[in-house]
Amino acid sequence: MYTDQIERIDRAIEALRETLTQDIIKLVGIKSVKGPSEPGAPFGRGPRDVLDAVLEMGNSEGFFAVDYNVGVVSLALKDGQPDLGIWIHGDVMPEGQGWNFDPYRAIEYKGRVVGRGSADNKGQLGAMFHLLKIFKELGISLKYNPAIYVGSDEESGMYDMQGVPGNDDARGFCNVCTPPRLSLVADSSFPVGYGGNGTMLMTFSAQKPFQGISILAGQNEDPGKAKATFYGKTIVTHSPIRHPSKPDPNGNMITKLMERLLEDDIVPTEQRSVLEFFKRLSLDIHGDSFGIHVETKDLKPVTVFAQRIDMRGDIPELTISLRYPIEITAEEVIEKMGKEAALYGVSLSKIERQRKPYVLDRNWPVLQKLKEIAQDITKEEKEPYTISGGTYAHWLPNALIYGTDAMCLQRISRQIAVKHTDLMNVCHWIGCKEQ
């Protein structure tokens with residue numbers, strides 16, 4: 001009986017390939033970058049449009065669709081409170097520069113959908129929607145009530161989970177809604193993830209204004225670029241775009257710009273210490289010189305990623321993304337880094353605690369069963385893992401990370417300029433079969 005159902009599902013998956021492809025292309029076509037808050041759209045019009053598209057898809061197929069009015073919607077197979085939640089996000093990061101085509105007009109190329117967000121996370125959205133649809137159409141009876149949950153602020157702080165004080169449209173799913181008993185977050189890799197580092201955004205500001213010099217780096221429109229303008233001159237540096245959880249030990253565009261400004265006495269002596277500190281932050285990716293590097297058991301070590309520089313009037317401000325394990329507290333990190341900054345004429349001016357570290361029991365029977373299933377399907381003997389990046393699993397009870405980036409190829413051609421998170425291999429979705 002079980003084998004027969006699997007075979008029926010496999011045949012149905014094969015038959016929907018073209019429909020799945022077109023649905024992913026449609027979702028990618030929605031530019032769901034975070035924007036100004038609007039009534040009913042707390043994270044901007046684009047992310048809201050994705051949620052509306054999901055609700056429309058669900059209603060058209062007879063799913064039980066719910067808008068929680070916090071920037072999260074769900075599609076359930078049955079009426080009532082879902083038992084199993086499959087979590088996906090519909091928002092994307094800004095597309096940046098270097099595309100050879102419109103990133104929001106996705107194309108299919110050799111069995112792959114190429115466009116902004118196709119692998120993070122709209123391909124997963126299309127695939128999970130059609131999987132529930134197959135269950136419904138084949139009349140497969142389940143003991144539990146599965147649902148797809150779609151958020152709209154995963155890429156920019158997960159305020160759809162934790163809430164925005166004073167915004168009634170962004171009260172936070174975890175604050176006002178009942179989560180499912182078990183959640184699977186389809187936003188990483190197989191076999192299964194059971195923990196993640198905590199994350200803070202920390203902003204360091206020069207204590208005195210910079211006269212005659214302006215510095216910008218890591219801006220949304222070009223996150224791999226740094227630029228300094230001073231006394232009629234301009235210096236521009238670049239570096240490859242990297243995920244904040246994986247900083248380059250050799251530095252990035254901020255490192256290069258600081259080195260250029262520090263050479264040949266380009267800047268006044270009183271400003272050099274600030275630039276030295278900014279350079280240090282961009283190179284010390286594990287916080288060794290700040291005394292925050294600690295040994296860890298399950299989670300990844302501390303990582304420091306120099307993300308962007310802004311000007312607040314004449315004051316340059318460097319923002320870092322810092323990830324930390326459970327073996328050190330946020331308070332310890334803040335104290336040690338703040339003291340070091342003061343020695344360079346820099347203040348720790350802003351702290352945004354995005355999420356705390358967490359670790360689930362690696363021997364949890366549910367986790368072990370999911371590992372067995374993943375290993376059986378992928379034919380890879382990989383073990384459960386933890387991540388330094390962030391997913392909705394940080395916020396939800398009994399939540400595990402389950403797939404699916406490892407099934408996506410990162411590049412298709414040197415002739416097509418795409419980011420590695422924007423390639424969705426449709427063929428791999430179709431039963432994980434070889435092309």
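Within the 3.5 Å criterion, the main-chain N or O of I401 finds no donor-acceptor partner in the side chain of S188. In this structure, the side chain of D83 does not engage the main chain of R181 through any donor-acceptor pair within 3.5 Å. Between the H394 side chain and the G195 main chain, no donor and acceptor come within less than 3.5 Å of each other. In this structure, Y385 contributes its side chain and S189 its backbone to a donor-acceptor pair below 3.5 Å. R105 places no side-chain N or O within 3.5 Å of a backbone atom of D102 that could act as its donor or acceptor partner. A donor-acceptor pair under 3.5 Å is formed between the side chain of Q219 and the backbone N or O of A217. A donor-acceptor pair is defined here as one N or O able to donate and one able to accept, closer than 3.5 Å; no such pair exists between the side chain of T199 and the backbone of R355.
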CA sep, side-chain torsions, deciding dist, call: F43, Y159, ring-ring contact (aromatic ring centres under 6.0 Å, His included) = CA-CA 9 Å; F43 309 111; Y159 290 100; 7.4 Å; no

Between Q124 and T404, does a side-chain hydrogen bond (donor to acceptor under 3.5 Å, both in side chains) hold up when you go through it step by step?
-> CA-CA 8 Å; Q124 289 85 341; T404 55; 2.9 Å; yes

Taking it one step at a time, do V54 and V150 satisfy side chain to side chain contact (heavy atoms under 4.5 Å, CB included)?
-> CA-CA 8 Å; V54 171; V150 184; 4.1 Å; yes

Check against side chain to side chain contact (heavy atoms under 4.5 Å, CB included), T203 and L348 = CA-CA 6 Å; T203 300; L348 177 50; 5.9 Å; no

Start with the C-alpha gap between H89 and Y392, add the side-chain angles, then the distance that decides, and say whether side chain to side chain contact (heavy atoms under 4.5 Å, CB included) holds.
-> CA-CA 9 Å; H89 64 89; Y392 286 142; 3.6 Å; yes

Determine, stepwise, if the pair R45 / V33 fulfils side chain to side chain contact (heavy atoms under 4.5 Å, CB included).
-> CA-CA 9 Å; R45 178 45 49 192; V33 176; over 6 Å; no

Worked check of salt bridge (Lys or Arg N to Asp or Glu O under 4.0 Å) between R308 and D310 | CA-CA 7 Å; R308 61 183 292 149; D310 298 280; 2.8 Å; yes

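Residues L77 and F63 form a side-chain contact, since some pair of their non-hydrogen atoms from C-beta on lies under 4.5 Å apart. Proximity of V72 to L51: side-chain heavy atoms (C-beta onward) are nowhere separated by under 4.5 Å. Proximity of I254 to I309: side-chain heavy atoms (C-beta onward) are separated by under 4.5 Å at one or more points. In this structure the side chain of I387 never reaches within 4.5 angstrom of the side chain of K300, judged on heavy atoms. At a threshold of 4.5 Å between non-hydrogen side-chain atoms, the residues M93 and P223 do not count as touching. You'll find the side chain of K34 reaches within 4.5 Å of the side chain of D153, heavy atoms only.
How far OG of S156 is from CG of N220: 8.0 Å, rounded to the nearest 0.5 Å. For the atom pair CD1 of I86 and CG of L132, the computed distance is 5.5 Å after rounding to the nearest 0.5 Å. Between T391 atom OG1 and L400 atom CG the span is 10.0 Å, to the nearest 0.5 Å. Within the model, atoms CD of E352 and OG of S321 stand 10.0 Å from one another, a figure rounded to the nearest 0.5 Å. Annotation: the span from K227 atom NZ to L216 atom CG amounts to 7.5 Å, rounded to 0.5 Å. The distance from atom CG of L201 to atom CD1 of I320, rounded to the nearest 0.5 Å, is 9.0 Å.
Of the candidates E381, E380, E383, E383 is the only one forming a salt bridge (charged side-chain N to carboxylate O under 4.0 Å, His left out) with K371.
When all heavy atoms are compared, the tightest approach of V304 to L281 is CG1-O, 3.7 Å. When all heavy atoms of A65 and L55 are compared, the closest pair comes out as CB-CD2, 3.9 Å. Closest non-hydrogen pair, G126 versus I24, comes out as CA-CG1, 4.5 Å. Scanning both residues, V92 and G117, for their nearest heavy atoms gives CG1-CA, 3.8 Å. When every heavy atom of G90 is checked against every heavy atom of V50, the shortest pair comes out as O-CG2, 3.6 Å. When every heavy atom of E61 is checked against every heavy atom of F129, the shortest pair comes out as CG-CZ, 3.6 Å.
Remark: the S74 side chain and the Y68 side chain contain an N/O donor-acceptor pair separated by less than 3.5 Å. A side-chain donor-acceptor contact under 3.5 Å links Y104 and E95. In this model, a donor atom of one side chain and an acceptor atom of the other lie less than 3.5 Å apart for N167 and S37. For the residue pair S205 and S347, no side-chain donor N or O sits within less than 3.5 Å of a side-chain acceptor on the partner. Side-chain contact check for Y194 and D361: no donor-acceptor pair (N or O, by modelled atom type) lies under 3.5 Å. For D284 and H293, the side-chain atoms include no donor-acceptor pair closer than 3.5 Å. Looking only at atom types and distance, the side chain of D160 has no donor-acceptor partner in the side chain of S152 under 3.5 Å away. For the 3.5 Å distance criterion, the side chains of E18 and Q22 qualify, holding a donor opposite an acceptor. A donor-acceptor contact closer than 3.5 angstrom is absent between the side chains of T319 and Q307. With hydrogens and angles left out, the side-chain atoms of H286 and D288 include no donor and acceptor closer than 3.5 Å. A donor and an acceptor atom, one from each side chain of Q162 and N175, are nowhere located under 3.5 Å apart.
One finds no salt bridge joining D4 and R8 here, because no Lys/Arg side-chain nitrogen approaches an Asp/Glu carboxylate oxygen to under 4.0 Å. A salt bridge does not link R48 to E38: none of the charged nitrogens lies less than 4.0 Å from a carboxylate oxygen. Salt bridge annotation for K339-E335: present, with a cationic side-chain nitrogen under 4.0 angstrom from a carboxylate oxygen.
Ring centroids of W87 and F173 are separated by less than 6.0 Å, placing the two rings close together.
Note that R280 lies in the cation-pi zone of F290, set by a 6.0 Å cut-off to the ring centre and a 45° limit from the axis.
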